[in-house]
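The chain is numbered in sequence order, starting from 1. In each ligand, atom 1 is the first atom listed, and ligand 1 is the first ligand listed.
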Amino acid sequence: MSVTTRFAPSPTGMLHIGGARTALFNYLFAKRHNGKFLLRIEDTDRARSTDEATAAILEGMEWLGLTPDAPPVMQFDQAARHTEIALDMIARGTAFRCYATPEELQARRDLGEEKRQAAKAEGISEDEKTALLAEANELLAPYRSPWRDGAAAPSEDAPYTVRLRAPDGGDRVLEDGVQGRVTIQASELDDMILLRADGTPTYMLAVVVDDHDMGVTHVIRGDDHLRNAFRQIPIYEAMGWDIPKFAHVSLIHGPDGAKLSKRHGALSTLAYRDMGYLPEAMKAYLLRLGWSHGDQEIFTEDEAIALFDIGGINKAPARLDLEKLGQINAHFIRLADDERLFSLLKPLLEAEAPLTEAETARIRAALPGMKDRGTTLPELAAAFAFLRDIRPIQMNKKARKSLSEEGLDRLVGLRDELQQLRQWTAETISHVISSYCADRDLSMGQVGQPLRAALTGGLPAPDIAPVLEWLGKDETLGRIEDQTALDRD
Ligand code: GLU
């Protein structure tokens with residue numbers, strides 16, 4: 001079975017996280033089956049579609065690495081093809097020209113509404129009420145055109161729309177990959193418009209024609225389109241085309257269970273990039289937002305491709321959980337390649353001042369040992385502050401306290417020992433510090449605290465020996481000297 005999926009966003013705004021998840025599911029499903037993942041920009045709503053939105057969607061997908069296997073299809077460009085299919089359907093007798101005017105249709109709805117109100121009036125008999133409601137229901141029911149069975153046009157040049165001849169009666173059943181079996185009555189479907197009076201194709205027609213032309217075998221999308229599937233399937237039937245498999249994924253909800261909205265935080269995928277989340281973390285998080293495989297929490301892309309299935313998509317709406325996103329991000333930061341991480345951190349590190357050569361060397365040296373120091377890139381960047389050119393160092397209160405006369409004496413002694421050290425590695429440094437402590441019967445803390453104060457000003461830093469290694473011998477001794485010299489003044 002060859003598989004083709006597609007992501008079909010409307011370019012009316014950013015790529016929101018729900019859309020990104022839909023794209024991801026389609027991408028993974030295609031990759032899982034060695035199929036194709038396609039992108040279609042549904043820009044038929046000319047008033048609301050913008051080039052900026054298209055660019056933002058492409059940028060979001062590129063950031064996530066959801067690369068389509070062909071250049072995007074622009075839906076509006078296919079309009080002639082959509083029209084051609086509508087005319088073909090007329091020829092087949094599955095669509096027809098409808099001469100009802102918008103005014104007539106409105107009048108019909110108004111009359112229906114009037115009858116419904118009239119049925120509520122006081123003093124009318126049960127029989128009258130039943131009759132009025134029946135009439136109202138008929139008038140307000142999904143529209144079935146009087147021209148559906150080939151009645152003649154009212155005049156030769158009467159304007160018309162082209163409508164689909166909706167299925168006549170009985171049940172309509174959809175075996176949805178996520179929602180299971182869904183049934184509606186055919187009478188709930190109207191003879192929907194395929195070509196408007198001005199000849200332009202409708203969205204509902206365009207989606208089906210494009211999905212067919214693109215060879216789409218599986219439509220995975222938000223469950224806000226579930227009812228549309230019932231309207232779209234008759235078009236496939238009318239053309240004798242294969243009907244794709246549908247999977248309608250429940251929407252994402254906020255942590256409080258309410259429909260996702262601005263007050264739940266950022267909705268735009270790129271906002272997460274800007275907050276310092278890695279794309280692989282975002283993907284792993286979006287994957288778990290609505291899909292599961294056993295108890296596993298974090299999947300690499302390769303694992304996800306090997307395991308993704310529509311059956312694992314949860315029917316219940318997923319809830320946004322930013323704490324979990326943080327944990328997953330921390331995980332992928334630890335896995336990230338040093339060079340890449342450095343280039344991601346660099347703009348953040350340079351936000352206030354460009355990195356000097358010495359700072360760059362120290363930060364590069366520290367990076368492998370510092371990856372667990374932040375759940376987002378800005379947090380991680382902030383953790384490198386003690387490796388900048390910060391002499392003379394600003395002390396926090398606790399740090400200043402540990403630089404008592406005693407503390408400074410110990411630093412002077414240690415500095416002399418460190419000065420002798422030829423090979424400057426965390427291991428040799430650690431050895432010097434421990435033997436210095438042992439020789440003088442001092443605890444590690446009695447030396448480590450003033451040392452940390454002198455080197456970082458009290459900023460949180462990991463184990464002390466690596467800090468000395470990253471700073472390098474000159475900078476380390478210089479920072480110690482700053483404090484001990486101050487003392488002598
Ligand atoms: N363009 C539609 C949307 O952005 C998606 C239609 C579809 O996936 O079939 O909601």
No-hydrogen, no-angle side-chain donor-acceptor test under 3.5 Å, Gln106 and Arg109: yes

Single hit among Phe29, Phe246, Phe7 for ring-ring contact (aromatic ring centres under 6.0 Å, His included) with His218: Phe29

Cation over ring face, Arg6 and Phe37, 6.0 Å, 45°: no

Shortest protein heavy-atom distance from atom 6 (C) of ligand 1, along with the residue and atom involved: Tyr203 OH, 2.8 Å

Stacked cation flag Arg32 on Phe308, 6.0 angstrom / 45 deg: no

Atom indices of ligand 1 within 4.0 angstrom of Ser10 heavy atoms, with elements: 1 (N), 2 (C), 3 (C), 4 (O)

Heavy atom of Phe7, distance to ligand 1 below 4.0 Å: no

Atoms in ligand 1 flagged as close to Arg6, the criterion being non-hydrogen separation under 4.0 Å: 7 (C), 8 (O), 9 (O)

Atom 5 (C) of ligand 1 - nearest protein heavy atom and its distance: Ala8 O, 3.2 Å

Contact (N/O only, under 3.5 Å) between Asp224 and ligand 1: no

Lys NZ or Arg CZ of Arg163 over Phe96 ring: under 6.0 Å, within 45°: no

For atom 10 (O) of ligand 1, closest protein heavy-atom neighbour: His225 NE2, 2.8 Å

Polar side-chain atom of Arg165 near backbone of Arg148 as donor-acceptor pair, under 3.5 Å: yes

Atom indices of ligand 1, in the order listed, that fall short of 4.0 Å to a heavy atom of Glu42: 1 (N), 2 (C), 5 (C), 6 (C)

Trace of the ring-ring contact (aromatic ring centres under 6.0 Å, His included) decision for Trp63 with Tyr277: CA-CA 11 Å; Trp63 177 61; Tyr277 293 95; 8.8 Å; no

N/O separation below 3.5 Å, Val219 to ligand 1: no

